[in-house]
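Single-structure report; data block below.
Counting starts at 1 for both ligands and their atoms, following the listed order.
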Amino acid sequence: MIVGAGTFGASLAWWLAGRGDEVVLVDQFEPGDARATSGGETRLIRCSHGPDADYTAMARRARTLWRELEAETGASLLTECGVSWFAHGDDGWEAASEATLRTLGIPVVHQDVREAAAQFPSFNGDDLAWVLHEPEAGVLRAQLGVQTLASAAAARGARIVRGVARPDGDRVVVGDEVLAADRVVWSCGGWLAKLFGGLVELRVTRQELFFFAGGPGWDRSPGWVDYDRAVYGTGDLDALGVKVAWDMEGPALDPDADLPPATDETERLTRGYAADRFPALAQARLVGSKTCRYEISPDSQFIAAPHPEHPSVWIVGGGSGHGFKHGPAMAERIVSSWHGGEPLPRRFGLHKRERGTSLRSAGSN
Ligand SMILES: Cc1cc2nc3c(=O)[nH]c(=O)nc-3n(C[C@H](O)[C@H](O)[C@H](O)COP(=O)(O)OP(=O)(O)OC[C@H]3O[C@@H](n4cnc5c(N)ncnc54)[C@H](O)[C@@H]3O)c2cc1C
């Protein structure tokens, strides 16, 4: 039984049902709802994780599994537009990422700023040393991805149940029903800290996204990340507009609170960045804005561990602003660890964690 049909829970349902396991997937909303962190239209999928080979390899494996999901369902989920990392120095996150990608045989291009500029309709790289380009990275259709995982899980035999669940020891209470299963997974995103207070440490924050009318050419540009300045974005995918978003941790926002509108202050900051980096966007019309939530673990590492008092109960989450792409590969690893495969790394555990460097961008600072 899996409670929570975001990228982690829906991927687990898809993976387990594919093994022939009997699966029930419970969620309070429809999969892909905007109130869940896996809602919203797009997410970057990239392999770069600085020197961290484990996350790098997992992202690459996830890319293969998203492609397999596309082949199974006919859904178009991954746009391989590439992702460009704007490097401000020669020995930062991008250099470490490049070394890791090369060691693992993942395609990567070390571009000078002029070469990189040619990939964008408008670009100013005066503050950059070089650009790391991942040609096989790109953008995932997030909401559609989660909906596709859930429907593919159902097609493989999983039962999808709508309802609010709460834990009762190793059982699950949904409405008046108390349900038991050989194994229960709570993959409840930002709600985990409320459901398992004292055990799961997550900060739930408000994040803001802005979409600009860029004009011609932006539908072919790569996704991008400015790690040191904690900003990222995409080209104009699916006519949503050119996306520009700050990656810094926003203020706390309860997972059950309504999502407020984006603020003028963050729009001003975002426009400032856009005008610096992509001069043609300086006066571009805002075509959309939205808010969503991050659920951030102290060290930005994921959580995938058994409950200390109920070994059949698992807690999975802590996406920390970078978890979406990893969903199917995390599912594969978790299930493999249950069946004699490689144990999960200790860093996914429920131990007390120290605040650490962000695997998302410098945004935690
Ligand atoms: C603005 C933004 C940009 C991001 N960018 C990227 C990116 O570019 N690349 C990337 O890889 N990741 C990115 N992320 C992070 C990624 O989206 C998240 O890490 C990931 O989606 C978290 O998934 P989840 O399954 O843990 O949680 P969720 O998607 O929140 O799913 C949890 C589910 O549990 C359900 N639930 C909770 N409590 C209960 C209950 N009691 N009963 C029943 N159901 C319950 C909820 O309804 C929800 O559907 C971004 C996130 C945001 C917000």
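- The closest side-chain donor-acceptor pair between S320 and S297 falls under 3.5 angstrom.
- Contact annotation: for R43 versus ligand 1, heavy atoms closer than 4.0 Å belong to both the backbone and the side chain.
- In terms of protein heavy-atom proximity, atom 8 (O) of ligand 1 is nearest to L44 N, 2.8 Å.
- From the protein, the heavy atom lying nearest to atom 31 (O) of ligand 1 is G6 CA, 3.4 Å.
- Ranked by closest heavy atom to atom 45 (C) of ligand 1, the top entry among K243, M330, Q28 is Q28.
- Among all non-hydrogen protein atoms, the one lying nearest atom 12 (N) of ligand 1 is F324 N, 3.1 Å.
- If you check the side chains of T263 and E208, you find a donor sitting under 3.5 Å from an acceptor.
- Ring centers of H307 and W314: at least 6.0 Å apart, outside the cut-off.
- Comment: R141 does not engage E70 in a salt bridge, judged by the lack of any side-chain N to carboxylate O separation of less than 4.0 angstrom.
- Taking the six-membered ring where tryptophan is involved, the planes of F120 and F278 are tilted, since the angle between them lies from 30° to 60°.
- Considering both main-chain and side-chain atoms, D27 comes within under 3.5 Å of ligand 1 through a nitrogen or oxygen pair.
- Taking every heavy atom of V164 and a limit of under 4.0 angstrom, the matching atoms of ligand 1 come to 42 (N).
- The proximity of H326 to ligand 1, defined as any non-hydrogen pair under 4.0 Å, does not occur for either the backbone or the side chain.
- By the 30° and 60° cut-offs, the orientation of the rings of Y227 relative to W93 is parallel.
- Of the polar atoms of Y232, none of the N or O atoms is found under 3.5 Å from an N or O of ligand 1, judged by distance alone.
- Between H322 and Y55, the gap from one ring centroid to the other is short of 6.0 Å.
- The G319 neighbourhood of ligand 1 comprises atoms 19 (O), with distances under 4.0 Å to a heavy atom of that residue.
- A donor-acceptor pair is defined here as one N or O able to donate and one able to accept, closer than 3.5 Å; such a pair exists between the side chain of R353 and the backbone of G349.
- Using a 4.0 Å cut-off between charged nitrogen and carboxylate oxygen, E72 and R156 count as a salt-bridge pair.
- In terms of protein heavy-atom proximity, atom 22 (C) of ligand 1 is closest to E295 OE2, 3.7 Å.
- Both the backbone and the side chain of F8 come within 4.0 Å of ligand 1, counting heavy atoms alone.
- Residues W224 and Y232 keep their aromatic ring centres 6.0 Å or farther apart.
- For V3, every heavy-atom contact with ligand 1 shorter than 4.0 Å involves the side chain, none the backbone.
- Set against the non-hydrogen atoms of G163, the atoms of ligand 1 under 4.0 Å away are 42 (N), 43 (C).
- Ranking protein heavy atoms by distance to atom 21 (O) of ligand 1, first place goes to S38 OG, 2.7 Å.
- Residue-level proximity to ligand 1 for L209 is carried by the side chain, the only part with a heavy atom below 4.0 angstrom.
- Considering backbone and side-chain atoms alike, G190 places every N or O at 3.5 Å or more from each N or O of ligand 1.
- Nearest non-hydrogen protein atom to atom 30 (O) of ligand 1 is T37 N, 2.8 Å.
- Remark: ligand 1 atoms within the under-4.0 Å shell around heavy atoms of S187 are 32 (C), 33 (C), 34 (O).
- A donor-acceptor contact closer than 3.5 angstrom links the side chains of E134 and S48.
- At least one heavy atom of R293 lies less than 4.0 angstrom from ligand 1.
- Residue C292 has no N or O atom closer than 3.5 Å to an N or O atom of ligand 1.
- When only interatomic distances are considered, the shortest N/O to N/O separation between K325 and ligand 1 falls below 3.5 Å.
- Under the 6.0 Å distance and 45° angle rule, R35 counts as a cation-pi partner of F29.
- With W191 as the partner, the side-chain contact (heavy atoms from CB on, under 4.5 Å) test is satisfied by one option alone out of D254, V164, D256, V204: D256.
- In terms of protein heavy atoms, atom 41 (N) of ligand 1 is closest to A165 O, 2.8 Å.
- In this structure a side-chain-to-backbone donor-acceptor pair under 3.5 Å is present from T73 to A75.
- Taking any N or O of Y294, backbone or side chain, none lies under 3.5 Å from an N or O belonging to ligand 1.
- Under 4.0 angstrom from ligand 1, there are no non-hydrogen atoms of P31.
- Side-chain atoms of R162 come within 3.5 Å of backbone atoms of Q28 as a donor-acceptor pair (strictly under, hydrogens ignored).
- Ranking the protein heavy atoms by distance from atom 34 (O) of ligand 1 puts G4 CA, 3.2 Å first.
- Here's the thing with G323: one of its N/O atoms is less than 3.5 angstrom from an N/O atom of ligand 1.
- Here's the thing with H322: one of its N/O atoms is less than 3.5 angstrom from an N/O atom of ligand 1.
- A centroid separation of less than 6.0 Å is found between the aromatic rings of F123 and F86.
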